Protein chains: 2
Amino acid sequence: MKIYDTPGFPNPARIRIVLAEKGLDAQVQFIKVDLVGAEHKQAAFLAKNPTGVVPVLELDDGTLLTETIAIATYLDNLDGKPTLTGATPRERAIILMMHKRADDQLIDAIGAYFHFGTQGLGTQVLPHKSPEWAGRKEWADRQRDKYIKGLRDFNEVLKSQPYLAGQQFSIVDISTFAALIHADFSGIAIPDDCEALIAWRAKVAERASVKNRSGLALDADDLRRLGL
Amino acid sequence: MKIYDTPGFPNPARIRIVLAEKGLDAQVQFIKVDLVGAEHKQAAFLAKNPTGVVPVLELDDGTLLTETIAIATYLDNLDGKPTLTGATPRERAIILMMHKRADDQLIDAIGAYFHFGTQGLGTQVLPHKSPEWAGRKEWADRQRDKYIKGLRDFNEVLKSQPYLAGQQFSIVDISTFAALIHADFSGIAIPDDCEALIAWRAKVAERASVKNRSGLALDADDLRRLGL
């Protein structure tokens with residue numbers, strides 16, 4: 001299998017954590033996409049994924065899978081023992097519900113704030129993601145507020161259960177953790193009163209699939225080009 | 001089981017078509033939510049679904065399921081014979097990928113155009129969905145353009161396969177069909193050159209789960225209040 005992605009970015013991190021949780025790292029060849037250079041918005045990449053985002057999983061028969069929930073469902077079931085995406089239809093339904101909320105309320109909202117309200121990925125990506133327009137700043141602020149509201153909703157969920165889809169760690173926890181990484185990068189912290197969420201984050205950060213993992217950090221060249 | 005929804009609206013239509021495909025209509029009690037009166041943005045409904053959208057499926061044990069893909073996955077597996085959400089992990093992954101694209105590129109984009117670029121659901125819902133701001137019109141136009149781009153992407157898919165996730169009708173076809181209903185309502189037609197998509201739509205419209213179904217039309221009272 002091949003994965004087209006970029007180390008250190010939030011959506012690639014989601015799948016890299018899935019691979020580590022499932023012990024599948026060695027079965028994947030990683031091919032770097034130059035996000036800072038807007039490679040994901042050029043024709044060659046768009047032929048693989050018309051929505052122009054990473055990561056893309058290419059199976060050995062050439063099948064192309066995109067979208068975190070789809071890639072994670074495929075990888076999680078390769079060994080016939082799903083642990084991250086639900087083992088029964090009811091578990092799968094609850095995970096799909098919570099994952100859609102994580103995508104809409106957290107991942108997409110903080111992503112929009114990053115691209116509309118900060119320097120984003122710089123001058124090469126800006127025209128694709130957030131061209132100048134009158135409502136840019138107000139839209140960014142609204143997406144930030146939506147993200148904070150999402151954090152509060154998720155904090156409520158974690159007051160009565162250890163993980164976001166129930167008793168077990170799942171892809172919902174992975175995607176939410178990635179959203180928090182993106183928010184850190186965008187200068188948006190968890191509100192102090194979201195105590196359940198803060199405790200949950202500390203617990204997830206200690207997992208072997210997350211802790212001290214090199215593939216979750218930006219490459220030196222990308223750090224330099226982003227002025228970091 | 002109970003479903004909280006509103007007849008004739010696009011997201012409720014998605015689940016009503018699922019119920020008809022699975023022969024489950026008689027097992028569900030429908031409870032109408034007054035969308036035109038913004039009931040879905042009030043505390044009582046938000047306690048059931050903090051994201052403030054319909055439909056919500058309430059199971060007999062009180063479990064609340066929201067989000068089309070989650071509700072459809074649950075209902076599709078009640079008889080142990082899933083036909084709409086994938087029978088194998090690989091089928092499920094492809095359906096999840098295409099359904100995420102349908103949500104992002106079509107359902108959400110035309111929904112945003114409807115609320116930001118037209119009268120939407122009127123004065124009671126407007127403050128919740130699209131308050132006045134400088135970028136409102138431009139944002140609406142961009143969402144319309146995103147939707148049209150999504151139609152073209154989906155038209156490409158349908159040039160080489162009969163349904164959006166492959167050889168079988170699935171929840172992706174249902175959600176995409178609902179997006180087209182919403183677009184009609186918003187005054188946005190399929191471009192004439194999307195011939196594969198136009199032929200696919202005509203085929204789906206002939207299914208028993210869609211054709212002449214009363215639950216897919218707006219109630220008379222809602223028609224009147226929307227000035228239609």
Side-chain angles (χ1 to χ4, degrees), chain A residues 46 49-51 53 56-57 59 61 63-80 82 85-86 88-101 103-105 108 116 130-142 146 149-150 152-154 156-157, chain B residues 46 49-51 53 56-57 59 61 63-80 82 85-86 88-101 103-105 108 116 130-142 146 149-150 152-154 156-157:
Chain A
L46 293 173
N49 181 4
T51 66
V53 295
V56 174
L57 173 66
L59 306 184
D61 69 0
T63 299
L64 296 161
L65 280 179
T66 67
E67 306 300 342
T68 297
I69 192 66
I71 296 172
T73 295
Y74 181 80
L75 295 173
D76 190 29
N77 282 278
L78 279 178
D79 60 2
T85 58
T88 67
R90 186 194 172 96
E91 286 175 11
R92 296 205 325 259
I94 289 171
I95 287 170
L96 288 172
M97 170 178 72
M98 292 303 296
H99 198 266
K100 180 76 162 64
R101 288 190 192 167
D103 270 342
D104 290 352
Q105 296 188 270
D108 289 355
F116 289 99
S130 56
E132 276 302 333
W133 58 303
R136 194 171 186 271
K137 171 74 167 60
E138 187 169 348
W139 183 251
D141 289 349
R142 283 217 245 158
K146 180 179 180 178
K149 196 266 187 187
R152 294 195 186 286
D153 284 354
F154 276 40
E156 284 302 312
V157 170
Chain B
L46 293 173
N49 181 5
T51 65
V53 294
V56 174
L57 173 66
L59 306 184
D61 69 0
T63 299
L64 296 161
L65 280 180
T66 67
E67 306 300 342
T68 297
I69 191 66
I71 296 172
T73 294
Y74 181 80
L75 295 173
D76 190 30
N77 282 279
L78 279 178
D79 61 1
T85 58
T88 68
R90 186 194 172 94
E91 286 175 11
R92 297 207 324 260
I94 289 171
I95 287 171
L96 288 172
M97 170 178 73
M98 293 303 297
H99 197 266
K100 180 76 163 63
R101 287 190 194 167
D103 269 343
D104 291 352
Q105 296 188 269
D108 289 356
F116 289 100
S130 57
E132 275 302 332
W133 58 304
R136 194 171 186 273
K137 171 74 168 60
E138 188 169 346
W139 183 252
D141 289 347
R142 284 218 246 159
K146 180 179 180 179
K149 196 265 187 188
R152 294 196 185 286
D153 285 354
F154 276 39
E156 283 302 312
V157 170

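Here is how names work: the chains are called A, B, and so on, in the same order as the sequence lines, proteins then strands, and each is numbered from 1. Everything quoted here is computed from the prediction, not taken from an experiment.
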Does any backbone or side-chain atom of A:Ile95 lie under 4.5 Å from a heavy atom of chain B? Answer side chain, backbone, both or neither.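 The answer is neither part of A:Ile95.
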Which atoms of A:Gln105 come close to chain B, meaning under 4.5 Å heavy atom to heavy atom: side chain ones, backbone ones, both, or neither? side chain
List the residues meeting side chain to side chain contact (heavy atoms under 4.5 Å, CB included) with B:Glu91, not counting sequence neighbours, and say none if there are none. B:Ala87, B:Thr88
Please walk me through it: do A:Arg101 and B:Asn49 pass side chain to side chain contact (heavy atoms under 4.5 Å, CB included)? CA-CA 11 Å; A:Arg101 288 190 192 167; B:Asn49 181 5; 3.6 Å; yes
Under the side chain to side chain contact (heavy atoms under 4.5 Å, CB included) rule, what do A:Met97 and B:Leu64 come out as? Steps first, then yes or no, please. CA-CA 10 Å; A:Met97 170 178 72; B:Leu64 296 161; over 6 Å; no
Show the atom names and distances, to 0.1 Å, of all donor-acceptor pairs under 3.5 Å that link a side chain in residues 72-79 of chain B to residues at least two apart or in another chain.
unit_1: B:Thr73; atom_1: OG1; unit_2: B:Ile69; atom_2: O; d: 2.7
unit_1: B:Asp76; atom_1: OD1; unit_2: B:Lys22; atom_2: NZ; d: 3.0
unit_1: B:Asp76; atom_1: OD1; unit_2: B:Thr83; atom_2: N; d: 2.9
unit_1: B:Asp76; atom_1: OD1; unit_2: B:Leu84; atom_2: N; d: 3.3
unit_1: B:Asp76; atom_1: OD2; unit_2: B:Thr83; atom_2: N; d: 3.3
unit_1: B:Asp76; atom_1: OD2; unit_2: B:Leu84; atom_2: N; d: 2.9
unit_1: B:Asp76; atom_1: OD2; unit_2: B:Thr85; atom_2: N; d: 2.8
unit_1: B:Asp76; atom_1: OD2; unit_2: B:Thr85; atom_2: OG1; d: 2.7
unit_1: B:Asn77; atom_1: ND2; unit_2: B:Thr73; atom_2: O; d: 2.8
unit_1: B:Asp79; atom_1: OD1; unit_2: B:Lys22; atom_2: NZ; d: 3.3
unit_1: B:Asp79; atom_1: OD1; unit_2: B:Lys81; atom_2: N; d: 2.9
unit_1: B:Asp79; atom_1: OD2; unit_2: B:Lys22; atom_2: NZ; d: 3.3

Counting heavy-atom pairs under 4.5 angstrom with chain B, the leader among A:Ile71, A:Asp104, A:Asp103 is A:Asp103
Whatever's closer than 4.5 Å to a heavy atom in chain A on B:Lys149 counts as side chain
